[in-house]
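We count ligands from 1, going down the list as the structure has it; atoms in each ligand are counted the same way. We number each residue from 1, following the sequence as shown.
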Amino acid sequence: MKNLSERDKQYLWHPLTQHKLHPEMLGIVRAKGAVLYDEHGKEYIDGISSWYTSVYGHCNAFILDRVQEQMQKLDQIVFSGFTHEPAVDLSEALIRIIPENQKKLFFSDNGSTATEIGIKMALQFHFNKGEKRNVLLAFEDGFHGDTFGAMSVSGLSVYNGPFEDFFIDVKRIPVPTKDNIDQLLIDLEDILSENNIAGFIYEPLVQGAAAMKMYDAQSLDKILKRLRKDGVLTIADEVMTGFGKTGKLFASDHIPTKPDIMCFSKALTAGLIPMAITSCTQHIYEAFYSDEISKGLFHGHTYTANPLACAAALAGIELLQSNTIQESINKIIESHQAFDSQIKGHPKVAATRQLGIIYALDLNVKMERYGNLRDKLFQHFMNDGVFLRPLGNTIYILAPYIISEDQLQKIYNSIYASLEIV
Ligand SMILES: *Cc1c(COP(=O)(O)O)cnc(C)c1O
């Protein structure tokens, strides 16, 4: 029998992969807690929670039990004209923990659809009110997903070339810092007076795909306040930052001005089953609530609010609010701080940053070595039994909340050792 990696090559096409340059896929056969097991029996600590999803650990018994229980009762039902207990329970649990102004939840399947729906809500909100607003505002270097609306508002990427002619009209501003915020607010006046801006989408405080770039909450608040004055709907993409990663339940909890629309996915379902939610205020919902059918939001996915996914999300939210998980989060925050104070003076380290359990360090290396260096780093970590996914010259950790002190130490040691090879 050929191994998985060999059989894979015959029919499979992987995401974000140029197969000619990267033909080898590693077969993973099992995962438990913070550990992945490959088909050769080697173990890896999952230092990025499998793209920020499995934050309560892989194959978490509490979550599996809840989903198995649900599976025996109701597996799937159309969510148009029908409802069910897992969705209703989840709506009540989620509304209790997201910012208070959020009153309605719209389900979909992944982070890209969550932002796509947020964008459609913003555009149709103004349309329903008879006001034509056809331009969106976004941050440079943002990432909001791979569908057309989501791609349009993401930072211009070399990979989007074939599609750019079809994009929504988007104006971009840099993320705010204490130094650029005054100029940025002046530039924003011009953008607002020259365009009919419908909505502004942003990753609050941390831009994940831009290598965990972090920015200032107070400056962001100034932008949100200014946009609100012009009736621009603000869309917080919390697909990456949501559910405890920033040290609060949501990144928007760090910012006084709350968004009009919020997008959730990834850790929403604890890494078990794909699902997403776009939430909005009562004010937005009311612009769609009408005697006219066409004013409704005619968007729907077949698996909307799948009962099993809802059960997983509900179990995840219960865990998130437990003392055990809150203590684990605090322990990771402290461990990262201790690690940071040791490593930040290292000559190979250019900069470090942390928000909650998200920790990132930039290597002090020339950018032309980027391609090879990145692959060499990745391989170094994998050889050490640590799954980290450096972005350019940035190494970041976003480990599951249940990671042990020893496992964290192993990640830190591997990062120290990586400084010797760059
Ligand atoms: C991952 C991500 C998305 C896209 O989510 P998918 O489930 O991969 O479609 C959107 N926004 C942010 C901030 C993300 O991190």
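The side chain to side chain donor-acceptor pair (under 3.5 Å) test applied to Glu203 returns no partner, not counting sequence neighbours.
In this structure, a donor-acceptor pair under 3.5 Å is absent between the side chains of Asp109 and Thr113.
A cation-pi arrangement is absent between Lys266 and Tyr52 under the rule of less than 6.0 angstrom and at most 45 degrees off the ring axis.
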Item to check | Stepwise salt bridge (charged side-chain N to carboxylate O under 4.0 Å, His left out) check, Lys129 with Glu131 | outcome: CA-CA 6 Å; Lys129 288 179 165 290; Glu131 195 185 339; over 6 Å; no
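Using a 4.0 Å cut-off between charged nitrogen and carboxylate oxygen, Glu318 and Arg66 count as a salt-bridge pair.
Taking the six-membered ring wherever Trp is involved, the centroid distance between the rings of Tyr416 and Phe339 falls below 6.0 Å.
Listed by chain and residue number, the protein contacts of ligand 1 are Asn110, Gly111, Ser112, Phe143, His144, Gly145, Glu203, Asp237, Val239, Met240, Lys266 (heavy atom within 4.0 angstrom).
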